[in-house]
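Presented below is the structure to which this report refers.
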Amino acid sequence: MSETVVIEPEPEAAQTLDEPEKGKKKFKMPNTYVILFGVICLIAVLTWFVPGGAYDLTEDGDAIAGTYHTVASNPQGLWDVFMAPITGMLGSGAISGAISISLTILLFGSFLEMMDRTGALKTAIKRITTKHAENMHLLIAILVVIMAFFGTLEGAYEEGIVYFLMFVPVMLALGLDTVTAILIVVLGTQIGCLSSVVNPFSVGIASGIGGISAGEGMIVRLVLFVVSTALVIFIICRYADKVKAHPEKSVQFFRRQQDLLEFPAAAEGDLSLSPRQKRALVVFCLTWVVLIVGLVPWTSLNPDWTFFEQFTAWVGVTPVLRELLGCDMVPFGSWYFPEISMLVMVATLAIGLVMRYDADTIIDTLIAGAAGLVSTAFVVPLARGIQVVMDNGQITPSILNACESTLSALPPIAFVIVALVLYTIIACLIPSSTGLAAATMGIMASLSQFAGVEVYIMVIIYCMALGLAKMITPCSIVVMTCTSAAHMSYGDWVKKVLPIFGVLFAFCCVFLCVLVIL
């Protein structure tokens, strides 16, 4: 009697059958850290092939056009690659360290965690969303204008992550996504940077190097600010309408429930605030007022506005106040990240005290909030490490010299467009307003005069390139920190922002051509 033999597929065969399915798996973009480290490695490789170069410098350290000369190259090896993020964090003689920025990010995490514990901010946010639920366009417009104002006033950039953490619960409560909040912060601040009506850190420095007054071209930049901000508001509102109508079209739709848990708004129901919550909210708002007043460069806007310097000097010579407050106070208008960190730390402790939390609760909350933003804080030194490798490899002057050779014989309209393209490429590698101005403006201002283009237009090109580049480059701290906090891959961000970048770039080209023709 014969037996029926059942032949089962071998395990290997089963794996083979599954292979086509595995082959259909979508490509997953590397995370932020991998991308930034990859860029550092790429720049290090370039230092082996791009010749070293240098420009003669003025007493202020600005490059002088026509003085480029080759120097011994300094190829960057494995040691340099691995040291770049460390140097980026701690700083060197030529590059400021990112540790102060990272510390500020951590302390803002503590600040927001404390407010989250009070419940006051959640309730206030819920009130805002309830009030503007039927008019989200107005809310988006208000937030974009605020971000653009900060960008054009003092070059808001690294602190963008703070605004993102403030806005994202509002956007989610309105039925939008985390991408909307990123767009408001990144496009808002950088459209302000792009126009830079009065920003002394970009327009002031670049104009000074170019030999013109910072006031020259201000009316033109004001027009640019108004038109470009309106354009960005329109773009973000269109995106918000699409996500509101079809949430599944959001690239972050797959984690919407996780986002709602991570960035919660107040629960439905009673929206009243207790007396303690009201006091906590007052401290919270006052912190932002002090922050803004401290960051605005008053004397750069008007040399006669020296009231804060005078007050600080008066405190320093007044016996009781000098002992009570200290004689090393930094006046408003000269604040930077160390002073911001101090303010936020004090505000966090003050909120805990007005809520009458015990010492252990306050400290535990402070540590928990900082821990939540450690991954974001580590992005900053990695991004700064790219500039470290470029500078140490001495290839930045060689790249500038190639641009100088390209632009020298172009007619005005072609000159401004090509200058914007080249400046944007350079700004993608050096997204520092002061660093980019010092390295390039002495050269580019001289070239613009040869091409028959006024220097103030070259300053505008520099600002445009800086704003555009910081919307998309992996060297942009505001991009990498906000996308990291939103758990959005850099590749998804590029896919989303690239068409917007194209529209804004085309707008800038048209604006520059009109300027040249007129």
Side-chain angles (χ1 to χ4, degrees), residues 36 39-40 42-47 49-55 57 61-68 76 88 94-95 155 157 190 193-194 196 199 201-203 205-207 209-210 383-408 410 414-448 451 453 455 457-480 494 501 504-505 508-509 512:
L36 287 174
V39 175
I40 290 174
L42 176 62
I43 298 298
V45 170
L46 289 179
T47 64
F49 300 99
V50 177
Y55 280 92
L57 305 177
D62 306 323
I64 301 173
T67 62
Y68 173 81
Q76 301 290 283
I95 297 173
Y157 173 50
Q190 296 320 302
C193 174
L194 181 149
S196 284
N199 181 3
F201 304 112
S202 56
V203 168
I205 294 173
S207 298
I209 296 172
R384 190 63 60 83
I386 297 169
Q387 186 179 346
V388 171
V389 174
M390 282 190 64
D391 287 357
N392 290 345
Q394 300 189 104
I395 63 174
T396 304
S398 299
I399 294 172
L400 290 175
N401 180 60
C403 298
E404 186 178 359
S405 303
T406 303
L407 292 169
S408 56
L410 294 175
F415 176 86
V416 294
I417 294 175
V418 176
L420 180 61
V421 172
L422 293 177
Y423 234 136
T424 303
I425 294 172
I426 298 171
C428 283
L429 299 172
I430 313 175
S432 162
S433 57
T434 53
L436 185 64
T440 64
M441 188 49 64
I443 301 164
M444 302 301 275
S446 298
L447 287 176
S448 68
V453 174
V455 174
I457 296 179
M458 180 53 69
V459 172
I460 292 175
I461 293 173
Y462 149 82
C463 293
M464 285 178 170
L466 197 60
L468 289 168
K470 289 194 288 189
M471 293 177 187
I472 198 167
T473 175
C475 301
S476 172
I477 293 172
V478 69
V479 167
M480 303 312 277
V494 171
F501 177 90
L504 294 175
F505 187 88
C508 289
C509 289
L512 290 172

Point to revise | Trace of the side-chain contact (heavy atoms from CB on, under 4.5 Å) decision for I417 with L512 | key: CA-CA 8 Å; I417 294 175; L512 290 172; 6.0 Å; no

Review point. Do F505 and V421 come close enough that some side-chain heavy atom pair is under 4.5 Å?
Key: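 They are in side-chain contact.
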
Please report the shortest heavy-atom distance between [X] and [Y], naming the atom on each side.
X: I472; Y: V479; value: N-CG2, 4.2 Å
X: V389; Y: I40; value: CG2-CG2, 3.7 Å
X: V478; Y: Q190; value: CG1-NE2, 4.3 Å
X: G53; Y: P397; value: O-CG, 3.2 Å
X: S398; Y: Y68; value: OG-OH, 3.0 Å
X: S476; Y: K470; value: OG-O, 2.8 Å

For the atom pair [atom1] ([X]) and [atom2] ([Y]), what is the distance rounded to the nearest 0.5 Å?
X: I460; Y: L194; atom1: CD1; atom2: CG; answer: 10.0 Å
X: S196; Y: M464; atom1: OG; atom2: CE; answer: 10.5 Å
X: Q76; Y: I43; atom1: CD; atom2: CD1; answer: 11.0 Å
X: T424; Y: L420; atom1: OG1; atom2: CG; answer: 4.0 Å
X: L468; Y: Y423; atom1: CG; atom2: OH; answer: 13.5 Å
X: L46; Y: M390; atom1: CG; atom2: CE; answer: 8.5 Å

